[in-house]
Amino acid sequence: MPQSLGRRLTAPDPTAGVVDGPDGEPEEHRRVLGALAAVPEVLAAAPRHDSLDAVLGWVAREAVDRFGFDRVMVLGLEDDRLAVRSTVFRDRPEEAAEAHENACRYPVELRPGGLEVEMLRRRAPALVDTRDDDRVWRPIVDHIHTPGYVASPVLAFGRVVATIHADACYSGREPTVPDRSVLGLLAQVSGVMLERALLAEELTRLRTAVRLSAGQMLALTAVDGLAEPAAATPVAGAAPAAPDRSGLTAREREVLELLARGMTSAEIARRLVVSVDTVKVHARNILRKLGASTRAEAVARFLRG
């Protein structure tokens, strides 16, 4: 494991919550140590990913294949809800597909008092007992019939971008404190991988922007020169001047700045870790507030101040 990455990961306590087996040996201890030993190998073999969904899909598969969980569901943070991004069940793809479809219909609402809200607030992994606890998100929990699960937030650049939920239902055991620690470590690895993917994407974009900057500046200068006579001599029926951008929300200004850099809705969605539909809603609000009919017109008014 690279030294810089190792310093960022917080190793779980492998002795926490251990249970002695029939022969007196701590079974949980052995299992957790095995999972920890797999982390460097998993990192070394991890492919380069260029999007949030690719990273989260990889995490879900590794959690099942290498870290002892039977069912894993990864949810992405989208404003005031958690929307499912990836679902992997051990050797039961049909059940996974059904659970994924159900989770798509019922995204987790981040309501006050909910367990996920508390986990996101604390930014720490959680061990959840779902029995007789109204704080869990019943539309998903009741559908997959899980008595309990472990969950952890995934952070990138200091922001929560997703959550990982896992249980060991098929193995006939309930999740434990060591399971929580292992999933928390895997979530930290996921965050590092996601940051790397986003940095690579931003570097590519900056290189493209540098190549195009000269041509863009010439184009803007030409547009400003053509616009000057119209500004000096108003024409009846001409479009009104763009209103002050103070009417935009902070998120709308962020979307507009990314549009000005030439990003598509899909690229903005990946950058802000939201859905494409959410970006489109922000874009419509921007057009309305700036009195623009197209994104290009909105960007032109934004660049002119």
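Just so you know, these numbers use all the heavy atoms, side chains as well, and skip hydrogens, waters and symmetry mates. These numbers come from a predicted model, not from an experiment. For this chain, numbers begin at 1 and follow the sequence in order.
Among residues two or more places apart in sequence or in another chain, the salt bridge (Lys or Arg N to Asp or Glu O under 4.0 Å) test is passed with D129 by R131. Y149 is linked by a ring-ring contact (aromatic ring centres under 6.0 Å, His included) to H165, counting only residues two or more places apart in sequence or in another chain. With sequence neighbours left out, the side-chain contact (heavy atoms from CB on, under 4.5 Å) criterion links L155 to R123, P153, V160.
A heavy-atom distance below 4.5 Å is not found between the side chains of R271 and E254. Taking the side chain as every heavy atom from C-beta outward, L272 and R251 approach each other to under 4.5 Å. No side-chain heavy atom of V74 sits under 4.5 Å from any side-chain heavy atom of V154. L183 places a side-chain heavy atom less than 4.5 Å from the side chain of F69.
Within the structure, salt bridge (charged side-chain N to carboxylate O under 4.0 Å, His left out) pairs that include any residue of residues 108-118 comprise E118-R121 (at least two apart or interchain). Sorted by first then second residue, the salt bridge (charged side-chain N to carboxylate O under 4.0 Å, His left out) pairs that include residues 152-170, not counting sequence neighbours, are R71-D167.
Using a 4.5 Å cut-off between side-chain heavy atoms of Ile, Leu, Val, Met, Phe, Trp and Tyr, F89 falls into a hydrophobic cluster with I144, Y170.
A salt bridge links E78 with R85: at least one charged nitrogen is closer than 4.0 Å to a carboxylate oxygen.
Tested against E252, the residues R288, R284, K289 include a single salt bridge (charged side-chain N to carboxylate O under 4.0 Å, His left out) partner, K289.
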